[in-house]
2 protein chains.
Amino acid sequence: MTLGDPTESGAQQIRDAIRDAIVERRLAPGTKLSENDVGGLFNVSRTLARAALQALSYEGLVSVEKNRGAFVAYPSPEEARQIFAARRLVEPGILKSAAERITPAQLNQLRQLLLEEGRLMGERGQSARRAEIKASGDFHLMLASFSGNLIMQRFMEELVARSSLVIALYGQSSASSCGHSEHGDIITALERKEIDRACDLMLHHIAHIEADLDLRERKSFGLKEAFER
Amino acid sequence: MTLGDPTESGAQQIRDAIRDAIVERRLAPGTKLSENDVGGLFNVSRTLARAALQALSYEGLVSVEKNRGAFVAYPSPEEARQIFAARRLVEPGILKSAAERITPAQLNQLRQLLLEEGRLMGERGQSARRAEIKASGDFHLMLASFSGNLIMQRFMEELVARSSLVIALYGQSSASSCGHSEHGDIITALERKEIDRACDLMLHHIAHIEADLDLRERKSFGLKEAFER
DNA sequence: ATGCGCTAAATTGTATACAACTATCTGCGT
DNA sequence: ACGCAGATAGTTGTATACAATTTAGCGCAT
């Protein structure tokens, strides 16, 4: 996706690794992320670990409490509501912008992603489930990248990542696959240039995801288990 | 010296101070911000200076180049266009959300801000001009805060701050005062519960600001600027 | 002068050291 | 057993030290 810097700095790599772990739910909300442990895991000093955690806090994925340390964010129900309100507010506009400039090749990319998503839906197991979560988010991110607006793209990356946290906390297990057919419907509307309909479908899609939320407790992996393979 | 929020860490204070300086145009785009200088200015070590600069880079106000240091962001014309595209995409939704929950007291706050803005417009001098810029941005930020969505509020803070940079670079001098009456029109529409009209006015307002920009590629500095620092 | 290669100075990248704070444990008194 | 003061260990906050890289300066050949 972003091929700006060929060499990602140390802290950025760590940030990305932890973010993936959070988004793919290997790290549960509320998990403590001590600077020593993080640094130890990646064989770097606390300096870089700390920088990575700070970066994640700017994205809303980690909350750092003064003199107490960093934790995987544990969004409140109100926060969750605001995250989805933001998505409802923003995604139709992104979709519209993307629809105006989308190419057949890009439509094909979306179809391909949908296929992959469907394939993963059929499989069982934690790892397939994680990949499915990621693919589902990637659909929205790909649309954002097609909008041609890097700022909105980055904002969507933040919203999708935080949504994953919310779903991890409050989502019901069967919910995540619900969106699949809706993704397909949106693509179809895009192919037919029915932009308003696509926006409408998107709004309903987001509403459906949100409607499936409910309070729920999840058990967490420890930090070490999340990264050892 | 400052007996502010004790939870605000040193790095955050420095970040806020530098951000204010950038938004109020006391620091010109492209200005080098060396960690030593920043630390020296605030009597802290490079550690905190670096953290503050990193934070600002996440907000898009500072660009850090690997092994080269941090500079006040110098948004390209394309970046400028995307910033305003993002605002057009987002602000109508924010306005709508705010309109649905706004109270008479809050409408009054907006009126008050408008008054202050008008007062500053009359004055001359750099400092009044900076205050005017700030007040103009505060109008949009206040609306965002009335939307009740903290995430959108933070996003708008970023967009308004970056807009200030863009206007500093590409704005024509007489332009910034244009928006004043439009702010008033939007408030009036809000008072009359004409939400769609308010959104329309907002879109035109943003378009007007953008239309006043001279988005020509200024790839190279003038010779004078290139050597002074 | 202009351009090139080299050395020296300055700046950033990362690790370590120390200070400040928090959390945990211990031992005592009740 | 319970609660609490104080010691102890562990964690974070900040400063400093060292390594890696860039930038600036200088001499030299063309």
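Worth saying up front: this structure is predicted, and the values here are computed from it rather than measured. Naming convention: chains lettered A, B, ... in sequence-line order (proteins, then strands); numbering from 1 in each chain.
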Quiz item: Of the non-hydrogen atoms in B:Ser57 and B:Gln54, which two are nearest, and what is the gap between them?
Solution: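 Answer, listing the atom of B:Ser57 first, then B:Gln54: OG-O, 2.8 Å.
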
Between atom [atom1] in [X] and atom [atom2] in [N], what is the gap in whole Å?
X: B:Gln13; N: D:dG13; atom1: CD; atom2: P; value: 15 Å
X: B:Gln54; N: C:dG13; atom1: CD; atom2: P; value: 8 Å
X: A:Leu48; N: C:dT16; atom1: CG; atom2: C1'; value: 13 Å
X: A:Arg46; N: C:dA19; atom1: CZ; atom2: P; value: 14 Å
X: B:Asn36; N: C:dA9; atom1: CG; atom2: P; value: 17 Å
X: A:Asn43; N: C:dA15; atom1: CG; atom2: C1'; value: 13 Å
X: A:Glu35; N: C:dT22; atom1: CD; atom2: P; value: 15 Å
X: B:Glu65; N: C:dG13; atom1: CD; atom2: C1'; value: 15 Å

Quiz item: Of A:Thr47 and A:Asn67, whose closest DNA chain C nucleotide lies nearer the 5' terminus?
Solution: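 Mapping each residue to its closest nucleotide by heavy atoms, the 5'-most match is A:Thr47.
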
Practice problem: Would you check if A:Glu117 and A:Leu114 make a side-chain contact, meaning some heavy-atom pair closer than 4.5 Å? | Solution: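 A:Glu117 reaches A:Leu114 side chain to side chain.
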
Practice problem: Check whether any side-chain heavy atom of A:Glu91 sits under 4.5 Å from a side-chain heavy atom of A:Leu95, and report yes or no. | Solution: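 Not touching, per the 4.5 Å side-chain cut-off.
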
Between [X] and [N], is there a side-chain N or O to OP1/OP2 distance below 4.0 Å?
X: B:Arg50; N: C:dG13; value: yes
X: B:Lys32; N: D:dT22; value: no
X: A:Arg68; N: C:dA23; value: yes

Self-check item: Nearest to side-chain heavy atoms of A:Val44, which nucleotide of C:dA15, D:dA17, D:dG13
Solution: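 Among C:dA15, D:dA17, D:dG13, the one nearest the side chain of A:Val44 is C:dA15.
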
Self-check item: Rounded distance (nearest 0.5 Å) linking atom CD1 of A:Ile167 with atom CG of A:Asp212
Solution: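 Output value for this atom pair is 9.0 Å.
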
